[in-house]
Enquirer: 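Before I ask anything, let me first share the structure, which is written out below as structure tokens.
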Amino acid sequence: MSLRLRLPLTYLLLIAALLAGMTAGVIPILHRYLRDDRAAPLQLQGTIIANDVRPLLGSSDLQGRVAEHGERLGTRVLVLSPTRRVLADSHGELVGQELSLKAATDALQGQSVVTERQSGADRALYVITPIGKNQATIGAVFISTTMTGVYQTLAELRQRIVWGSAGVALVAALASLWLAATITAPLASLTQAVERFDLSEQNRVPVHGDRELRTLAMTFNQVGERLHAEDEIRRRFITDVSHELRTPLAALKSVAETMLSTEDLDPALQQEFLRDIDHEVDRLAGLVKSLFELSQLDRRRELQLSQVDLGQLAARVAKNLHPLAQKREIDLKVEQEGPAILAMVDEQLLYRALFNLADNAIKFSPDGGRIWLRVRLAGANAQIAVTDEGPGIAADEHEQVFKRFYRVDASRARATGGSGLGLAMAREIAIAHRGEIILHSELGQGSTFTVIIPTNLNSLVIS
Ligand code: ADP
């Protein structure tokens, strides 16, 4: 149900409930009050008449006196015998008849009774007062009057409550319609703005209206900005990837075309072309592998944490890279201070990060150079530093090298088969562990990449 309808309906229901409650609660109280108000003077009159007629019971003057009282009060007055026989009636009609009324029986037992009865089309109020003599009840005075006036007052009141409530309900319904409109109008304009929202553009929905609506619009804009930024990154990434793929593919195409167009290709040249093809295919395969690993890392998943001996992990990286280092007579050493350093890490991911750093160190080291993998504890953090004696990285490139596809010297990097993704991936892995990678390097002074991660992670989700 729409807010526009729900709000007025709620008010109407509330008012109807209030009306019912008021009618059910107030009307009976008022009824009792009005009845008692009417009965009280008659009870007094009953006592007066009882005292007055007591000596006349059994006398022929009784009827005349009762008729006088009836006239004086403007009501009907009866006098009953202890057997409920009518001894006198101000209207003269019921004399000699028996009054079969429970209230009369009660009154003849000595208690004053006030009761209401239906009398024809009318409601009647009976006030019955016992006539006592020497502790005994020798008769009763019966005064009857109409309740019509009381019921008219009550009906009038009920009508006023209904009309009053209807008026209030109308005002409330109009007010709630207006209120609902003030709430729904900005919501509708917000909805329209959201529908028009285009991720590719930096557009925002207007922030106005009440506080809750402003918060909603602001939150939406924040989410929109984040999505827009992510969309930008995704687009740039796709452009970069296609650019990266285009270069080796173009190289492959040109080699293939040359081979196809050259008849009687010299076997030596053919070998060289095939080596080029092999090299480019390797590069493509490397790029695709890196992209695959990156996409796995991008996919939001929980870190598979386990307790890992970081010294052993570094040693495993060194061992697996040993053949590569050995080819260029590079000395790859693992050093660790003190006892084993244990940390809760995703072993597979951290291995990948260290492998990328050490692999870079080899790639950029001079033949016969030295590389150190140093593992140490610094407070609650573990540090794994990869140091090489390579060309170093200028200070203004320190941030850039961690960006995806960034290479300091693209042509040389191509020669080394680099994709520009290794450092980006390593940094993402460190961040996923609530850690970081710090680079210390100067041109010509070698480089040190230090992975810093807390040792006591419990559980984490890569975001
Ligand atoms: P690549 O696959 O090209 O190595 P990376 O993301 O691992 O991609 O590195 C990005 C760039 O950072 C490299 O192309 C290189 O220019 C520079 N770089 C990375 N490691 C080193 C290092 N140990 N010494 C010098 N330059 C480095």
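Atoms within each ligand, like the ligands themselves, are counted from 1 in listed order.
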Enquirer: Within ligand 1, which atoms have a heavy atom of G420 less than 4.0 Å away?
Expert: 1 (P), 2 (O), 3 (O), 6 (O), 8 (O)
Enquirer: Checking the N or O distance criterion of under 3.5 Å, is ligand 1 in contact with F449?
Expert: no
Enquirer: Identify, with sequence neighbours excluded, every residue that meets side chain to side chain donor-acceptor pair (under 3.5 Å) alongside S254.
Expert: none
Enquirer: Could a heavy atom of G390 be found less than 4.0 Å from some atom of ligand 1?
Expert: no
Enquirer: Run the side chain to side chain donor-acceptor pair (under 3.5 Å) test against S447 and tell me which residues pass, sequence neighbours left out.
Expert: S441
Enquirer: When you check the side-chain N and O atoms of E428 and H433, is any donor under 3.5 Å from an acceptor?
Expert: no
Enquirer: Looking just at side-chain N and O atoms, do T146 and D122 make a donor-acceptor pair shorter than 3.5 Å?
Expert: yes
Enquirer: If I apply the N/O under 3.5 Å rule, does P391 come out as touching ligand 1?
Expert: no
Enquirer: Counting heavy atoms only, which part of E397 comes closer than 4.0 Å to ligand 1: side chain, backbone, both or neither?
Expert: neither
Enquirer: Nearest heavy atom to atom 7 (O) of ligand 1 wins, so pick from N360, N356, V401, D388.
Expert: N360
Enquirer: Atoms of ligand 1 less than 4.0 Å from S447 heavy atoms?
Expert: 24 (N)
Enquirer: Is the side chain of E263 donor-acceptor paired with the backbone N or O of L265 at a distance under 3.5 Å, no angle test?
Expert: no
Enquirer: Under a heavy-atom criterion of less than 4.0 Å, does F402 contact ligand 1?
Expert: no
Enquirer: Within the 4.0 Å heavy-atom shell around L421, which atoms of ligand 1 are there?
Expert: 6 (O), 8 (O)
Enquirer: Using heavy-atom distances only, which candidate in T387, L443, L423 approaches atom 6 (O) of ligand 1 most closely?
Expert: L423
Enquirer: Any atoms of ligand 1 less than 4.0 Å from a non-hydrogen atom of Y406? List them with their elements.
Expert: 10 (C), 11 (C)
Enquirer: Just jot down the ligand 1 atoms closer than 4.0 angstrom to any heavy atom of K363, in number order.
Expert: 1 (P), 2 (O), 4 (O)
Enquirer: Polar contacts were defined as any N/O atom of the residue lying under 3.5 Å from an N/O atom of the ligand; does this apply to G392 and ligand 1?
Expert: no
Enquirer: Record the part of I393 in heavy-atom contact with ligand 1 below 4.0 Å; permitted values are side chain, backbone, both and neither.
Expert: side chain
Enquirer: Going through the checks in order, is the salt bridge (charged side-chain N to carboxylate O under 4.0 Å, His left out) test met by R427 and E399?
Expert: CA-CA 11 Å; R427 171 176 268 186; E399 251 317 297; 3.4 Å; yes
Enquirer: Quick one: which of L125, T129, L42 gives a side-chain contact (heavy atoms from CB on, under 4.5 Å) with I143?
Expert: L42
Enquirer: Measure centre to centre between the rings of F405 and H243, then say whether the value is under 6.0 Å.
Expert: no
Enquirer: At a 4.0 Å cut-off, with the gap strictly under it, does some heavy atom of R404 reach an atom of ligand 1?
Expert: no
Enquirer: Check whether F237 forms a cation-pi arrangement with R404 (NZ or CZ under 6.0 Å from the six-membered ring centre, at most 45° off the ring normal).
Expert: yes
Enquirer: Does S295 use its side chain to pair, donor to acceptor, with the backbone of F292 at less than 3.5 Å?
Expert: yes
